[in-house]
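Throughout, a chain's letter reflects where its sequence line sits, starting with A, and its residues are numbered from 1. Both backbone and side-chain heavy atoms feed into the values below; hydrogens, waters and symmetry mates do not.
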2 protein chains.
Amino acid sequence: MKSLTRHRKMILENMQYRTDHPTAKMVFDSIKMNTYKISFATVYNTLEYLVNCGMIKKLDINSQSARYDANLSEHSHLICKSCGNMMDYIEPIPIDTSIPNLNGFIVEDISVTFRGLCQDCVHN
Amino acid sequence: MKSLTRHRKMILENMQYRTDHPTAKMVFDSIKMNTYKISFATVYNTLEYLVNCGMIKKLDINSQSARYDANLSEHSHLICKSCGNMMDYIEPIPIDTSIPNLNGFIVEDISVTFRGLCQDCVHN
DNA sequence: TTTCTTGCAAAACATTTGCAAATCG
DNA sequence: CGATTTGCAAATGTTTTGCAAGAAA
């Protein structure tokens, strides 16, 4: 939790540059492609580190490998059941955070995911 | 997609009996405990089969292993960041499914997950 | 019999960890 | 220098697959 080293900065910037909710492997590949020497484990561990720092989010979706998102503004996701594509949905979802009967649970974060068929997959 | 065999029935009933959103391993262990002979791969594959049939759901949460839920009625989940406990939240969440700007995306399923601190973890 | 399902073990894939070397402050 | 971070490889955990044997239709 101490310093933003060169590697951490690079991974964070890579995340902030992209909007494809990448897996650790995708981040690793894209950094490797820039002829930058880095280890896979470092990418994994750094992504978790950045999640713990609150600089990126780990998405609440079931996926064989974890997916991360550097977009911290409130938004939700559309996932196509057919092609697997994942799109941002930035319109605010009207959820009242003062919903009842939480039995003392303190909500820090709400995630909303829509699953269905994207326009392309509906038309075929 | 054809028949509800003895194994499938047993796994489905095990799922319907419990409310702990188990992993495949948890289902396997609990069936094994009843001295019933079954293979781990069969449990894995059967759970996916039941998901595809629409008889159970695979939850949209990030977790090291997939979690399943036989409760098909509309509800959402509270997950404690501290103890990891996962609770059902059955009050309906007022999301208008006619939300705008979906660009032709057909929504079939909405999942809502609250992360935060449960009552027990707040008090210590 | 013909088709579908299961068990098993191995393969494939995802994640975590220990430790020595490198880097940071 | 002392503390933290990284690379590497190995350990661990999860999911998928191929195929022979078994069960169902």
Side-chain angles (χ1 to χ4, degrees), chain A residues 1-15 18 20-69 79 81 84 86 115, chain B residues 1-15 20-69 79 81 84 86:
Chain A
M1 303 286 201
K2 304 297 158 43
S3 64
L4 197 61
T5 64
R6 207 155 43 101
H7 280 182
R8 289 177 180 169
K9 196 153 174 284
M10 164 154 303
I11 291 170
L12 179 59
E13 281 169 0
N14 185 284
M15 282 296 306
R18 56 203 298 171
D20 58 350
H21 320 94
T23 62
K25 177 140 200 337
M26 289 161 75
V27 174
F28 174 70
D29 287 345
S30 110
I31 288 177
K32 260 322 223 346
M33 201 163 296
N34 299 334
T35 61
Y36 192 83
K37 184 185 175 192
I38 198 168
S39 146
F40 196 27
T42 300
V43 174
Y44 253 101
N45 295 333
T46 300
L47 286 169
E48 285 304 308
Y49 164 87
L50 293 172
V51 168
N52 289 332
C53 293
M55 306 183 83
I56 63 175
K57 278 188 170 187
K58 190 173 193 169
L59 296 182
D60 248 320
I61 56 166
N62 77 65
S63 167
Q64 52 205 14
S65 36
R67 306 196 75 118
Y68 301 88
D69 193 348
I79 302 176
K81 286 182 178 179
M86 187 168 171
R115 287 191 182 262
Chain B
M1 303 285 200
K2 303 298 156 46
S3 64
L4 196 59
T5 64
R6 208 155 44 102
H7 281 181
R8 289 178 181 167
K9 196 154 175 281
M10 165 156 300
I11 291 169
L12 180 58
E13 282 170 358
N14 186 284
M15 283 297 305
D20 57 350
H21 320 94
T23 63
K25 178 140 197 338
M26 289 161 76
V27 174
F28 174 70
D29 287 345
S30 109
I31 288 177
K32 258 327 223 342
M33 202 162 295
N34 298 333
T35 62
Y36 192 83
K37 184 185 175 191
I38 197 169
S39 146
F40 197 27
T42 300
V43 174
Y44 252 101
N45 295 333
T46 300
L47 287 168
E48 285 305 307
Y49 164 88
L50 293 172
V51 169
N52 288 332
C53 293
M55 305 184 84
I56 64 174
K57 280 187 167 185
K58 191 173 193 170
L59 297 182
D60 250 319
I61 57 166
N62 78 65
S63 167
Q64 53 204 15
S65 37
R67 307 197 74 119
Y68 301 88
D69 193 348
I79 302 175
K81 286 183 177 177
M86 185 169 173

Query raised in the report: B/H7 side chain N/O closer than 4.0 Å to the phosphate oxygens (OP1, OP2) of C/dG7?
Result: yes
Report summary line: Separation of C/dT6 atom C1' from B/I11 atom CD1, nearest Å, is 10 Å
Report task. In whole angstrom, give the distance that lies between atom OH of A/Y44 and atom P of D/dT14. Result -> 13 Å
Query raised in the report: Of the candidate nucleotides C/dT6, C/dG7, D/dT16, which contains the atom at the shortest distance from the side chain of B/E48?
Result: D/dT16
Query raised in the report: B/S65 side chain N/O closer than 4.0 Å to the phosphate oxygens (OP1, OP2) of D/dT14?
Result: yes
**Report entry** Nearest-0.5 Å distance that lies between atom OG1 in A/T5 and atom CG in A/L12
**Finding:** 10.5 Å
Query - Step-by-step side chain to side chain contact (heavy atoms under 4.5 Å, CB included) determination, B/K25 to B/F40 - result: CA-CA 7 Å; B/K25 178 140 197 338; B/F40 197 27; 4.0 Å; yes
Report task. Any chance you could lay out the side chain to side chain contact (heavy atoms under 4.5 Å, CB included) test for A/H21 and A/I61, step after step, and finish with the verdict? Result -> CA-CA 11 Å; A/H21 320 94; A/I61 56 166; over 6 Å; no
Query raised in the report: Which part of the nucleic acid, if any, lies within reach of A/A66 when heavy atoms closer than 4.0 Å are counted: base, sugar-phosphate only, or nothing?
Result: sugar-phosphate
Query raised in the report: Is the phosphate of D/dA24, meaning OP1 or OP2, less than 4.0 Å from a side-chain N or O of B/S3?
Result: no
Report task. Please state how far atom CZ in B/F40 lies from atom P in C/dA10, giving the value in whole angstrom units. Result -> 16 Å
Query raised in the report: Do side-chain atoms of A/R8 reach the backbone of A/S3 as a donor and acceptor pair under 3.5 angstrom?
Result: yes
Query raised in the report: Are any of B/R8's side-chain N or O atoms less than 4.0 Å away from OP1 or OP2 of C/dT6?
Result: yes
Query raised in the report: Quick one: is C/dC8 close enough that its OP1 or OP2 comes under 4.0 Å of any side-chain N or O from B/S39?
Result: no
Query raised in the report: Does B/K9 put a side-chain nitrogen or oxygen below 4.0 Å from OP1 or OP2 of D/dA24?
Result: no
**Report entry** More than 12 heavy atoms from other groups under 6.0 Å of NZ on B/K81
**Finding:** yes
Query raised in the report: Considering only side-chain heavy atoms of A/Q64, which listed nucleotide, D/dT6, D/dA9, C/dA14, is closest?
Result: C/dA14
Query raised in the report: Rounded to the nearest Å, what distance is computed from the CE atom of residue B/M10 to the P atom of nucleotide C/dT6?
Result: 12 Å
Query raised in the report: What integer distance in Å separates B/Y49:OH from C/dC4:C1'?
Result: 10 Å
**Report entry** Spacing of B/M26 atom CE relative to D/dG13 atom P, expressed in whole Å
**Finding:** 16 Å
Query raised in the report: Rounded to whole angstroms, how far apart are CG on B/N45 and P on D/dT14?
Result: 16 Å
**Report entry** Separation of atom CZ in B/R67 from atom C1' in D/dT14, rounded to whole Å
**Finding:** 14 Å
Query raised in the report: Starting at the 5' end of DNA chain D, which residue's closest nucleotide do you reach first, A/T5 or B/S63?
Result: A/T5
Query raised in the report: At under 4.0 Å between heavy atoms, what does B/R6 touch on the DNA or RNA strands: base, sugar-phosphate, or nothing?
Result: nothing
